[in-house]
S.K.: 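If you scroll down you'll find the structure; I have some questions about it.
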Amino acid sequence: MTQVLVFFDRVDAHLTPAQAELLTHADALGEAVVVAGSLPAQGAAPLAVKGVTGVLTGDGPIYAPNPALGELLAAAAGELHPDLIIGPDTPDTVDVLSQAAVALNAGLITGATGVTGSGAATKSVLAGSWRTTAQISEDGPLLATLRPNTASQQAVPGPEPEVVELEVKASSAVQILEESALPDSGRPSLTEASTVVAFGRGVDGDLSLVEQLADELGAAIGASRVATDAGWIDHSAQVGQTGVTVSPPLYISVGISGAVHQKAGMQTSGTIVAINKDEDASVFEIADFGVVGDLNDVLPQMIAELRRRKD
């Protein structure tokens with residue numbers, strides 16, 4: 001059976017959607033062991049998921065960006081000799097898997113949309129224009145980070161796995177002076193959301209309709225670079241070549257023309273709905289459904305219809 005290591009830099013009281021999704025991937029591939037930099041007060045209880053047979057952690061919590069996380073993952077691989085090592089496609093995880101890949105003399109693929117037990121990974125490249133499949137060419141594990149929204153089923157509860165501590169401690173090279181929680185918007189994370197409502201120049205700074213639509217859909221809110229540069233929303237919401245890449249099952253583009261650098265961050269989405277008053281806007285070239293009209297006329301109708309269907 002394929003042995004899979006699943007790396008999480010930290011596990012909190014509840015798994016994130018991306019973490020639960022990775023465990024679903026691992027269960028489909030074979031037998032999974034989680035490597036975690038830190039665990040919550042209740043230990044491995046959040047990792048009681050079908051397919052997870054054990055949890056490896058260090059001698060005390062290790063928090064990103066501590067370089068000891070790379071040592072922890074390499075040590076876990078040395079103990080179990082896995083066929084695959086996977087993690088979420090986040091900057092911290094990419095950094096850790098890069099360190100481990102060097103230590104293990106193994107191959108690393110980031111931003112994958114799928115992996116196989118034989119050590120192959122698929123991913124979209126060139127702004128979603130091509131799909132590639134890469135296969136490791138040497139003996140050793142394939143290391144890969146997976147994008148969110150690539151699993152078709154939910155994680156299934158299972159027995160709580162046993163926790164084993166490895167002799168790896170946090171390095172003194174990095175000291176975390178302070179931690180502060182990000183403000184809770186009540187909406188899902190942009191990179192993990194199943195629905196994204198993104199806006200651009202066309203809203204002219206008024207986000208009220210976009211926020212109402214997002215709330216009705218339980219969606220995350222994204223934005224074009226023009227919108228973030230204008231200060232209408234934080235830069236962390238920027239979708240595009242110089243922002244974040246999203247691939248939700250449903251992406252709604254509101255008042256965005258669809259320049260190349262913006263399309264690079266969203267055109268691998270499942271269904272794309274575009275709303276723009278310019279019938280020649282380039283976003284319509286990749287949209288599955290397009291509405292030519294003023295967003296101030298279109299969005300109230302969408303919101304009213306969604307509310308009607310909920311009643």
S.K.: Any chance the side chains of Thr93 and Thr145 put a donor and an acceptor closer than 3.5 Å?
M.R.: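 Result is no, nothing qualifies.
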S.K.: According to a hydrophobic-cluster definition based on side-chain heavy atoms being under 4.5 Å apart (Ile, Leu, Val, Met, Phe, Trp, Tyr only), do Leu209 and Val197 belong together?
M.R.: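 Yes.
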S.K.: Is it the case that over 12 heavy atoms from other parts of the model lie below 6.0 angstrom from the CZ atom of Arg225?
M.R.: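 Counting neighbours around CZ of Arg225, 12 or fewer heavy atoms of other residues, nucleotides or ligands fall under 6.0 Å, so no.
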S.K.: Are there over 12 heavy-atom neighbours, none belonging to Glu162, within less than 6.0 Å of that residue's CD?
M.R.: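 Atom CD in Glu162 is not crowded, with 12 or fewer foreign heavy atoms closer than 6.0 Å.
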S.K.: Using a distance-only test with no angle check, is there a side-chain donor-acceptor pair under 3.5 angstrom linking Asp92 and Thr90?
M.R.: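 Thr90 and Asp92 do not have a side-chain donor-acceptor pair below 3.5 Å.
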S.K.: Would you mind listing every side-chain hydrogen bond (donor to acceptor under 3.5 Å, both in side chains) that reaches into residues 187-203, with sequence neighbours excluded?
M.R.: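 Qualifying pairs: Arg187-Asp215, Ser189-Thr191.
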S.K.: What's the spacing between Glu211 CD and Leu299 CG if we round to 0.5 Å?
M.R.: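 With rounding to 0.5 Å, CD (Glu211) is 12.0 Å from CG (Leu299).
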S.K.: Is there a continuous path of hydrophobic side-chain contacts, each under 4.5 Å between heavy atoms, that joins Leu15 to Phe7?
M.R.: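 No, because Leu15 and Phe7 fall into different hydrophobic clusters, even though each may have its own neighbours under 4.5 Å.
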S.K.: Under 3.5 Å, is there a donor-acceptor pair between the Thr122 and Thr113 side chains?
M.R.: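 Indeed, the side chains of Thr122 and Thr113 share at least one donor-acceptor pair under 3.5 Å.
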S.K.: Give the cluster check for Leu190 versus Tyr251: same hydrophobic cluster or not, with ILVMFWY residues linked at side-chain heavy-atom distances below 4.5 Å.
M.R.: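 Same cluster.
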S.K.: Report yes if some heavy atom in the side chain of Asp280 is under 4.5 Å from a heavy atom in the side chain of Asp278; otherwise report no.
M.R.: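 Yes; the side chains approach each other to less than 4.5 Å.
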S.K.: If you draw a 6.0 Å radius around CD in Gln42, do more than 12 non-hydrogen atoms from other residues or ligands fall strictly inside?
M.R.: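 Above 12, so yes.
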S.K.: In plain terms, say whether Lys50 and Asp27 are close enough for a salt bridge, that is, a side-chain N and a carboxylate O under 4.0 Å apart.
M.R.: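 Salt bridge: yes.
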S.K.: Identify which one of Ile256, Val246, Val244 satisfies the side chain to side chain contact (heavy atoms under 4.5 Å, CB included) criterion when paired with Met266.
M.R.: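 For Met266, the side chain to side chain contact (heavy atoms under 4.5 Å, CB included) check succeeds only for Val246.
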